[in-house]
Amino acid sequence: MSIIAIDTETTGLNFLLGAEPFMVTACDLEGNLFYWEFDIDPITKKIKRNRTTLKDIRETLRQYDDWVFHNANFDLRAIATLFEISVQEVSKLHKHPDAFWYHIHDTLLMSHVLDNQRSHGLKDLSVRYLQFPKDDEDQLKDATKAARRLVRSLHRKGEIPDWQIHDETEADYWLPRLMFKAFPDLAQPSWENVCLSYALKDVERTISLYTLFKDLLLSRDTLGVYLREINVLKVVLDIQSRGMNFLRPVAASVLSDLDSQIDAYSQKLMSIVNSFGLEEFNFESPMQLQSLLYQEMKFPVVSLTDKGKPSTDASTLQHLINCCPDHPNIDFLVYLKELKLNLTSSKYIRNYLHFAIPSTKGKRNYYTLYPNLNQTGTKTTRFSCSNPNGQNISTGKEEEDDTGHKIKRFNLRELFGPPPGYVWYAIDYSSLQLIIFAYEANDQGMIDAFAKGYDFHNYVAKGLFNTQEPTKTERRIAKNVNYALIFGAGAERVDATAGMDGAYQLYQNQFPIVAEYMAKISYQVRKTGQVKTAFGYPLNVPREQPYKGVNYIVQGDEGNIVKQAMYLTNRYLSLHPSKSRLIMQIHDELVFECPKDKDFPLSTICQLMMGPAREVGWTTPVGASLVTTHWGDKKELELDL
DNA sequence: CCATATCGCTT
DNA sequence: GTACGAGCGATATGGT
């Protein structure tokens with residue numbers, strides 16, 4: 001079985017915004033090294049492809065049974081970009097196209113299974129596991145910065161046109177070599193091959209780590225855990241290539257409204273500031289606000305930042321509005337809060353516009369966002385999401401309008417929705433983390449409450465307050481306690497969030513099985529520094545923070561369950577005649593896109609989503625809703641499972 | 001040019 | 001006995 005590690009160097013991090021690979025390096029198990037490079041036009045930053053080199057890459061890589069990457073999510077997309085094919089079509093370049101996913105390995109995913117806590121960077125790992133120095137990275141970064149300075153100085157002298165210098169140093173790794181070729185007298189000699197030797201070291205690192213990690217996974221009995229993550233990697237690439245439809249015209253209109261609001265509030269605020277004798281003021285500066293609010297205006301300090309300075313955040317402003325209704329500068333607080341809300345939304349929208357990719361279907365223009373799902377982005381097996389972050393799109397704040405109707409402001413999910421001719425099915429797990437908590441603690445009362453479909457917070461409220469009919473306040477307290485506990489809060493914090501002294505102690509008395517479980521996990525973390533999910537995923541937890549153990553287990557189980565659900569549903573939809581596709585994951589929610597005129601296999605998908613937890617004997621119910629206009633407007637569906 | 005602080009959004 | 005978890009991204013600020 002022949003194995004080769006492959007790495008690409010690129011002109012940026014986002015292939016959809018123009019980044020391309022300009023170098024491919026490879027290293028096999030025998031230590032044979034390969035490299036291919038492409039010239040770059042410094043003006044357009046486009047690579048100059050040539051058939052011979054592409055053919056040589058293809059033929060070389062096809063010799064090998066197994067391909068190893070460090071972050072295959074990135075490099076597979078780089079290869080797709082290089083060959084101008086879809087990421088799914090990269091399998092056709094492989095020796096075993098139909099068994100492609102049995103032959104792809106990723107030391108990044110391996111690293112997370114071996115140690116969720118520490119960095120997964122290739123250089124860090126090589127220092128840690130192989131004692132392989134990382135000075136080549138510093139050399140390349142220094143050379144790149146120096147080359148950029150040379151470019152700037154030549155441009156100032158008018159000797160070269162305006163080459164756009166990228167924001168990230170990593171995106172200009174090609175520059176030293178180009179400058180060496182173009183200006184041999186001005187360039188440093190090391191620039192000729194500094195990138196190449198760096199890139200070759202990276203594939204040496206990758207193949208060595210692969211060999212070591214495979215043995216470590218085997219000896220720790222976690223090879224199966226890692227292979228499940230490889231299954232998920234395929235889903236991630238599918239989701240990323242599909243993207244989410246972005247209602248760009250709506251976004252542009254909302255943004256323009258926000259900008260006028262920002263102008264209006266800025267003017268109102270500035271006139272107040274001027275009355276304090278200040279000509280200049282930046283409302284986005286916490287330091288300036290601290291000084292103005294607490295020294296000039298003499299508002300009382302009601303909360304402090306981590307570093308012990310007076311807070312200026314929204315909750316503090318609201319607190320001050322509530323507690324100082326007669327203060328002469330109360331208007332300032334009200335306007336400031338509105339300004340901050342508008343500013344926040346406008347920044348989010350500008351970011352979405354930055355990443356919006358136009359495409360044309362028929363006559364209509366579409367805009368799509370293609371967020372990255374980072375499979376090793378968290379320490380608990382959850383995904384993180386970036387460029388843009390599709391997992392923190394605002395769901396809006398509920399407020400009452402003039403007529404007393406409840407409305408949602410700043411709901412940015414309204415900027416997303418199915419393209420014409422399609423609908424979305426958003427299916428989420430109900431109270432997933434709490435259900436996991438109940439099963440992990442093995443509290444039969446809680447488990448039964450869920451099984452019977454009771455309101456969980458009501459159930460806990462009944463126990464806490466020893467009543468059959470908890471009031472709304474009692475339910476709210478129970479809910480706060482429930483969530484605080486899975487977040488690892490201590491007595492003081494639980495009492496504070498519950499708004500009730502002694503809530504923590506009361507819970508411990510009324511739910512002794514849960515209390516015992518939490519103590520057991522704490523002990524385990526102090527002793528071993530590790531917990532394990534119900535699906536065998538090992539998670540290191542800092543020994544000095546043993547209270548985090550329960551949360552790691554709960555979030556870890558959640559990650560395992562939802563990832564497996566993604567694998568099962570994505571596979572089902574690709575194997576069965578269906579135009580429906582999984583397009584997004586938001587921790588406990590999967591979003592599917594389906595043509596309007598096709599039936600969505602709702603019941604089957606829900607069953608598949610409940611399957612992974614069923615494997616360990618847990619029942620994790622789901623709820624579904626339908627999106628026909630935009631994501632801020634969901635209609636709950638009846639499920640008949 | 002880089003690190004820290006603060007803030008605000010999600011589950 | 002102690003202790004709210006996990007993220008991304010924008011902006012300001014001060015030191016290198």
Side-chain angles (χ1 to χ4, degrees), chain A residues 116-117 141-142 145 148-149 167-169 282-290 303-317 336-337 340-352 354-355 371-374 376-397 410-413 428-429 431-434 437 480-498 504 518-519 522-523 525-526 539 541-556 558-559 562 584-589:
Chain A
N116 59 298
Q117 200 65 239
K141 282 192 171 164
D142 290 348
K145 286 176 195 166
R148 288 161 76 153
R149 281 194 295 273
D167 291 339
E168 303 111 346
T169 312
N282 185 348
F283 299 107
E284 295 191 70
S285 162
M287 281 182 78
Q288 294 182 35
L289 283 174
Q290 274 164 23
S303 71
L304 299 174
T305 67
D306 284 345
K307 229 191 135 223
K309 297 192 169 176
S311 288
T312 59
D313 62 19
S315 69
T316 304
L317 298 182
L336 181 61
K337 200 163 161 257
K340 284 183 165 220
L341 285 168
N342 285 285
L343 270 172
T344 301
S345 284
S346 74
K347 284 172 192 164
Y348 273 78
I349 296 177
R350 258 180 257 281
N351 193 237
Y352 299 143
H354 171 73
F355 287 107
N372 284 344
L373 279 177
N374 311 312
T376 55
T378 73
K379 291 177 280 197
T380 59
T381 80
R382 272 187 175 187
F383 282 104
S384 76
C385 185
S386 53
N387 303 317
N389 185 347
Q391 292 182 320
N392 76 337
I393 301 170
S394 169
T395 54
K397 296 187 186 304
F410 306 107
N411 183 353
L412 298 190
R413 288 199 175 182
D428 66 341
Y429 292 88
S431 307
L432 181 56
Q433 295 204 34
L434 291 173
F437 182 64
N480 287 339
V481 173
N482 285 333
Y483 278 102
L485 284 177
I486 57 176
F487 288 161
E492 205 172 317
R493 193 62 178 245
V494 169
D495 289 1
T497 41
Y504 184 82
M518 295 179 64
S522 266
Y523 180 80
V525 172
R526 276 198 305 274
L539 295 171
V541 186
R543 285 170 195 263
E544 64 277 14
Q545 295 171 306
Y547 61 91
K548 287 185 175 177
V550 168
N551 180 259
Y552 273 46
I553 291 174
V554 170
Q555 274 203 32
E558 179 196 49
V562 180
M584 196 53 192
Q585 185 254 38
I586 309 98
H587 303 306
D588 65 350
E589 172 181 1

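Lettering follows sequence order; numbering is per chain, from 1. Note: hydrogens, waters and symmetry copies are ignored here, and every other heavy atom, side chains too, is used.
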Please report, rounded to the nearest Å, how far the [atom2] atom of [N] is from the [atom1] atom of [X].
| X | N | atom1 | atom2 | result |
| --- | --- | --- | --- | --- |
| A:Asn116 | C:dG5 | CG | P | 16 Å |
| A:Gln433 | B:dT11 | CD | C1' | 7 Å |
| A:Gln288 | B:dT6 | CD | P | 15 Å |
| A:Lys379 | C:dG5 | NZ | C1' | 10 Å |
| A:Leu289 | B:dT6 | CG | P | 13 Å |
| A:Leu434 | C:dC4 | CG | P | 19 Å |
| A:Arg493 | C:dT2 | CZ | P | 16 Å |
| A:Asn282 | B:dT6 | CG | P | 16 Å |

If you compare every side-chain N and O of [X] against the phosphate oxygens of [N] (OP1, OP2), does one of them come in below 4.0 Å?
| X | N | answer |
| --- | --- | --- |
| A:Ser386 | C:dC8 | no |
| A:Gln391 | C:dA6 | no |
| A:Thr305 | B:dT6 | yes |
| A:Asn387 | C:dG9 | yes |
| A:Arg543 | C:dT2 | no |
| A:Thr395 | B:dT10 | yes |
| A:Lys309 | B:dC7 | no |
| A:Lys347 | B:dC7 | no |
| A:Thr312 | B:dC7 | yes |

Give a yes or no answer on whether the side chain of A:Asp495 reaches the backbone of A:Tyr504 with a donor-acceptor pair at less than 3.5 Å. yes
Can a donor-acceptor pair be found, under 3.5 Å and without considering hydrogens, that links the side chain of A:Ser346 to the backbone of A:Leu343? yes
Would A:Tyr348 and A:Asn392 satisfy side-chain contact (heavy atoms from CB on, under 4.5 Å), going step by step from the backbone distance to the final call? CA-CA 10 Å; A:Tyr348 273 78; A:Asn392 76 337; 3.2 Å; yes
Students often get this wrong, so: under 4.0 angstrom with heavy atoms, is [X] touching a base, only sugar-phosphate, or nothing?
| X | answer |
| --- | --- |
| A:Ile393 | sugar-phosphate |
| A:Ala314 | sugar-phosphate |
| A:Arg413 | sugar-phosphate |
| A:Phe410 | nothing |
| A:Lys141 | nothing |

Passes side-chain contact (heavy atoms from CB on, under 4.5 Å), A:Leu336 versus A:Thr312? Steps please. CA-CA 10 Å; A:Leu336 181 61; A:Thr312 59; over 6 Å; no
Of A:Ser285 and A:Gln555, whose nearest nucleotide on DNA chain C comes first from the 5' end?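 The residue mapped nearer the 5' terminus is A:Gln555.
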Choose from C:dA3, B:dT6, B:dC9 the nucleotide whose nearest atom is closest to any side-chain atom of A:Ser394. B:dC9
By nearest atom, which of the nucleotides B:dC9, C:dG1, C:dG5 is closest to the A:Arg526 side chain? C:dG1
Residues within residues 544-553 of chain A bordering DNA chain C, heavy-atom distance below 4.0 Å: A:Tyr547, A:Lys548, A:Asn551, A:Tyr552
Indicate, yes or no, whether a donor-acceptor pair under 3.5 Å links the base of C:dC8 to the side chain of A:Asn389. no
Roughly how far apart, to the nearest Å, are C:dC4 and B:dT11 at atom P? 23 Å
